[in-house]
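Both backbone and side-chain heavy atoms feed into the values below; hydrogens, waters and symmetry mates do not.
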Amino acid sequence: MILQGQAFEPFTQEPIRLIGDGGEWLGRFDLDLEPAQLRGFYLDMLLGRLVDERMSRLQRQGKTSFVAPSAGHEAAQVGLAHAVRPGHDWLYPYYRDVSLVLAFGVPLVEFVAQVMGTRADPAKARQMPYHPGSGELNVFTVASPIGSHVPPAVGTALAMKLAGRSQVVLCSFGDGATSEGDWHAGLNLAGAQGAPIVFACENNGYAISVDLKKQTGSDNIAVKAHAYGMPGYLVDGMDVLASYYVAREAVERAREGVGPALIELVVYRYGGHSSADDDARYRPRQEVEAWKRRDPLTRFRRFLERRGLWDEDEEQRARAEVEARIEAAVNEAEAAGPPPVEWMFEDVYAEMPERLAKQRRELEA
């Protein structure tokens, strides 16, 4: 249920914040999270950051062909993940959602194997890297065409509504997706039909190299929700607790049948758009460094330290444990070996047509 007196105002001009730069609590309500939950938030953020760093090294070593840097997005993604019910609700992520899918429950080795394209990848290495999914966990496989997953996410939400289930869909995307027709069509249908879905825009200011001012004439993304009959929340996405509490309220609102919501999470990506991008060509280093001083991990660590829940010894232990987990996942994924070429012919038809069987025989020969 939505907590009484905790409702967040939609369409605010300034992003909603609950943690100050020094780690102080700014909320006007009592924090209702246990110490173990708060520490869990930080550990999920730390995992996302260290996985991002390790995957970039794997790309430079030639062990994967592509990475989509996610450093800077961790607070928004972990907040979103903890606001839904993994394995019950549905997740429609996008390619930068490393912390989101891991915090949602996608096994680390499966994510790493998907990036590396080995036999341990449940998708059999058929997708480009950073396109995870999970049928078991209701995680829709990431789609490359920007914004194309928004209409299917709305369709899933409407299916849950018609079936009378208490399931909610969380659909995330970058600011570039809001310039696509699929995005507008999806939000319009969700608003008209009262779909139980929460749209989460991780606005890092750039659609590859195109900054937000060249994408929209509106003051922000959140205000666009008004046209579709749903609330729009502007949130400081570098603040994990603001991201969590606003998302939790929007999710429970949708679960109770009130309707959809749009959350704009203002974040920043510290790396380039991808491993093929030279971000120095379109954004100044001073801008990147200024945003790094607002690092979401640093801010939340200060919050925990002020409450006596974290210290330097804890930090070093946690980093060592997380790095060991990542190393084990990389080793397991790599040891699985490359997928056999005949896998490309499987899982398309119940009975393989003769033309494909012939092609397979020729390939094997």
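Aromatic ring centres of Phe140 and Tyr92: separated by under 6.0 Å. Taking the six-membered ring for Trp and the full ring otherwise, Phe41 and His82 have centroids separated by under 6.0 Å. Under the 6.0 Å cut-off for aromatic ring centres, Tyr130 and Phe111 qualify, their centroids lying closer than that.
Val142 and Val150 end up in different hydrophobic clusters when Ile, Leu, Val, Met, Phe, Trp and Tyr side chains are linked at under 4.5 Å. Taken together through direct or relayed side-chain contacts under 4.5 Å among Ile, Leu, Val, Met, Phe, Trp and Tyr, Ile197 and Leu187 form part of one hydrophobic cluster.
In this structure, the side chains of Val112 and Arg54 stay at 4.5 Å or more apart for every pair of heavy atoms. Taking 4.5 Å as the limit, some side-chain heavy atom of His273 sits within range of a side-chain heavy atom of Arg96. In this structure the side chain of Phe173 never reaches within 4.5 angstrom of the side chain of Ile146, judged on heavy atoms. Looking at Gln59 and Pro129, their side chains never come closer than 4.5 Å, going by heavy atoms from C-beta outward. Within the 4.5 Å cutoff, the side chain of Lys224 has heavy atoms near those of the Trp183 side chain. By the 4.5 Å heavy-atom criterion applied to side chains, Thr178 and Phe199 are not counted as neighbours. In this structure the side chain of Leu58 reaches within 4.5 angstrom of the side chain of Met55, judged on heavy atoms. Using a 4.5 Å heavy-atom threshold, the side chains of Val84 and Phe104 count as touching.
Between Arg85 and Asp89 there is no salt bridge, since no side-chain N of the basic residue sits under 4.0 Å from a carboxylate O of the acidic one. A salt bridge links Glu305 with Arg301; the closest basic N to acidic carboxylate O contact falls under 4.0 Å. Of the charged side-chain nitrogens involved, at least one lies within less than 4.0 Å of a carboxylate oxygen, so that Arg317 and Glu314 count as a salt-bridged pair.
In this structure, a donor-acceptor pair under 3.5 Å is absent between the side chains of Gln127 and Gln114. Between the side chains of Ser99 and His73, no donor N or O sits under 3.5 Å from an acceptor N or O. A donor and an acceptor atom, one from each side chain of Arg126 and His131, are nowhere located under 3.5 Å apart. Side chain to side chain, Tyr282 and Asp277 meet the donor-acceptor criterion of an N or O pair below 3.5 Å.
Here CG of Leu297 is found 6.0 Å from CG of Leu46. Values are rounded to the nearest 0.5 Å. Between the CG atom of Leu100 and the CG atom of Leu91 there is a distance of 4.5 Å, given to the nearest 0.5 Å. For the atom pair CD1 (Ile16) and CG (Leu241), the distance works out to 13.0 Å, reported to the nearest 0.5 Å. The distance from the CZ atom of Arg319 to the CD atom of Glu315 is 4.5 Å, given to the nearest 0.5 Å. In this structure, NZ on Lys124 lies 3.5 Å from CG on Asp347, to the nearest 0.5 angstrom. Rounding to the nearest 0.5 Å gives a distance of 8.0 Å between CD of Glu110 and CD of Glu136.
Every residue two or more places apart in sequence or in another chain was checked for a ring-ring contact (aromatic ring centres under 6.0 Å, His included) with Tyr270, and none qualifies. Not a single salt bridge (charged side-chain N to carboxylate O under 4.0 Å, His left out) links Glu287 to another residue, sequence neighbours left out.
Using cut-offs of 30° and 60° on the angle between ring planes, the pair Phe303 and Trp25 is tilted.
Heavy atoms of other residues, nucleotides or ligands lying less than 6.0 angstrom from CZ of Arg281 number 12 at most. Around atom CD of Glu34, no more than 12 heavy atoms belonging to other residues, nucleotides or ligands sit under 6.0 Å away.
Of the listed residues (Asp239, Asp21, Asp236), just one forms a salt bridge (charged side-chain N to carboxylate O under 4.0 Å, His left out) with Arg294, and that residue is Asp236.
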